[in-house]
Amino acid sequence: MIKTSTSIQDAKNILEQGELVAIPTETVYGLAGNIYNESAISKIFETKKRPSYNPLIVHIDSIEKLDHIVSEVPEKARVLATTFWPGSLTLVLKKKDTIPDLITAGKNTVAVRVPNHPLTLALLKSLNFPLAAPSANPFGSISPTTANHVAAYFESTVKMVLDGGACANGIESTIIGFEEGEAILYRLGAISVEEIEAVIGPLKKLLKNDTAPQAPGMLSRHYAPHTKIILSHDLQSTVREYENKKIGIISFTKSVFPNPMMVVEVLSESGSLKEASKNLYAAMHRLDNLDLDIIIASYFPENELGNSINDRLSRATKTK
Ligand code: TXA
Ligand code: MG
């Protein structure tokens, strides 16, 4: 039975025993374990049913700890870390020899970030090891943004979820790597490309590579509900094609004309992309629990976090 609690001390004890704790971050909940404990890291992969070629993100409590994890910090990486940490940016950098291969799936690089959640920052400060934490969901399913989402997934397989409330950003971190000194976008996420480019100039975008994923957040099917989901540029007309079906709608600001066969999730009444990102996964979880015939999501505006939302929605539409 999973325990939902706000006790940092309890979380610390469990992690020090080499067990896993689900932790809140400002993006999504993570399934955390001691990066230096091989059995804890193996448990992360087993519990999530995650393929071992998919490396994990290391979570540290401050930029000062970065030098314990990586061997080299390019100037642009240093600037990004200083600007955005604690926050929803993951940097992929050359790893130190002391970082276990299990964490990095044998790569010579490691993904690292300082999350921005008071409970998790306090927990990390209390530990003498960093935490590896992939999103706390079974591989390929919708990421969790509340302690309840985590409990529903891992009721019998995880000991504790540290309850930090609903995640403020609600979508995974943006991942940036460096190749030949150039900054490359590996995964769209909670910090927009526009915000990053405002700090370091143009980013190279490398987002589709299904066979040898740099960041398997890039595998086509990911973040997916059980219910079939499709994307539409025109909700009204797509809805008409599914007459007499039980439909779930995900729309940005405005709703379609509701009818009794339809459940509508409006992600931001006021038209804020930030608010919409925050609400996206919770809306997907709710709709996925309703036994609908189909979920129809509208395309979001192609700027700022609209691009990150479209990325997650379009991955959710893929059947394989
Ligand atoms: O917001 C987040 O990043 C959340 C919270 C819990 O921090 N974590 C998260 O982890 O989304 P996960 O495991 O679901 O996604 C980690 C992504 C994967 O797509 C993985 O392939 C990529 O990071 N990654 C990790 N190490 C990498 C490396 N060395 N090179 C390229 N990509 C890497
Ligand atoms: Mg994930």
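Remember, predicted model here, so these are calculated numbers, not experimental data. Just follow the structure's listing: the first ligand is 1, and inside any ligand the first atom is 1.
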Exercise for review: May I ask you to check whether Asn137 brings an N, O or S atom to under 2.8 Å from the Mg ion (ligand 2)?
Suggested key: no
Exercise for review: Could you tell me whether Thr104 approaches ligand 1 through its side chain, its backbone, both or neither, with non-hydrogen atoms closer than 4.0 Å?
Suggested key: neither
If hydrogens are left out, which of [options] has an atom nearest to [atom], that is, the closest non-hydrogen atom?
atom: atom 27 (C) of ligand 1; options: Ala32, Gly106, Pro55; answer: Pro55
atom: atom 9 (C) of ligand 1; options: Ala22, Ser135, Ala136; answer: Ser135
atom: atom 2 (C) of ligand 1; options: Pro134, Ser143, Ser173; answer: Ser173

Practice item. Please say whether Tyr186 places an N or O atom under 3.5 Å from an N or O atom belonging to ligand 1. Key: no
Review point. Can you check whether Thr27 has an N/O within less than 3.5 Å of an N/O in ligand 1?
Key: yes
Below 4.0 angstrom, N of the basic side chain to O of the carboxylate: do [X] and [Y] qualify?
X: Lys76; Y: Glu179; result: no
X: Arg187; Y: Glu172; result: no
X: Asp10; Y: Lys3; result: yes

Point to revise | 4.0 Å heavy-atom contact, His59 with ligand 1 | key: yes
**Study point:** Close approach of Pro115 to ligand 1, heavy atoms, under 4.0 angstrom
**Key:** no
Revision key, fill the gap. For Lys107, the ligand 1 atoms with a heavy-atom partner under 4.0 Å come out as 28 (C), 29 (N), 30 (N)
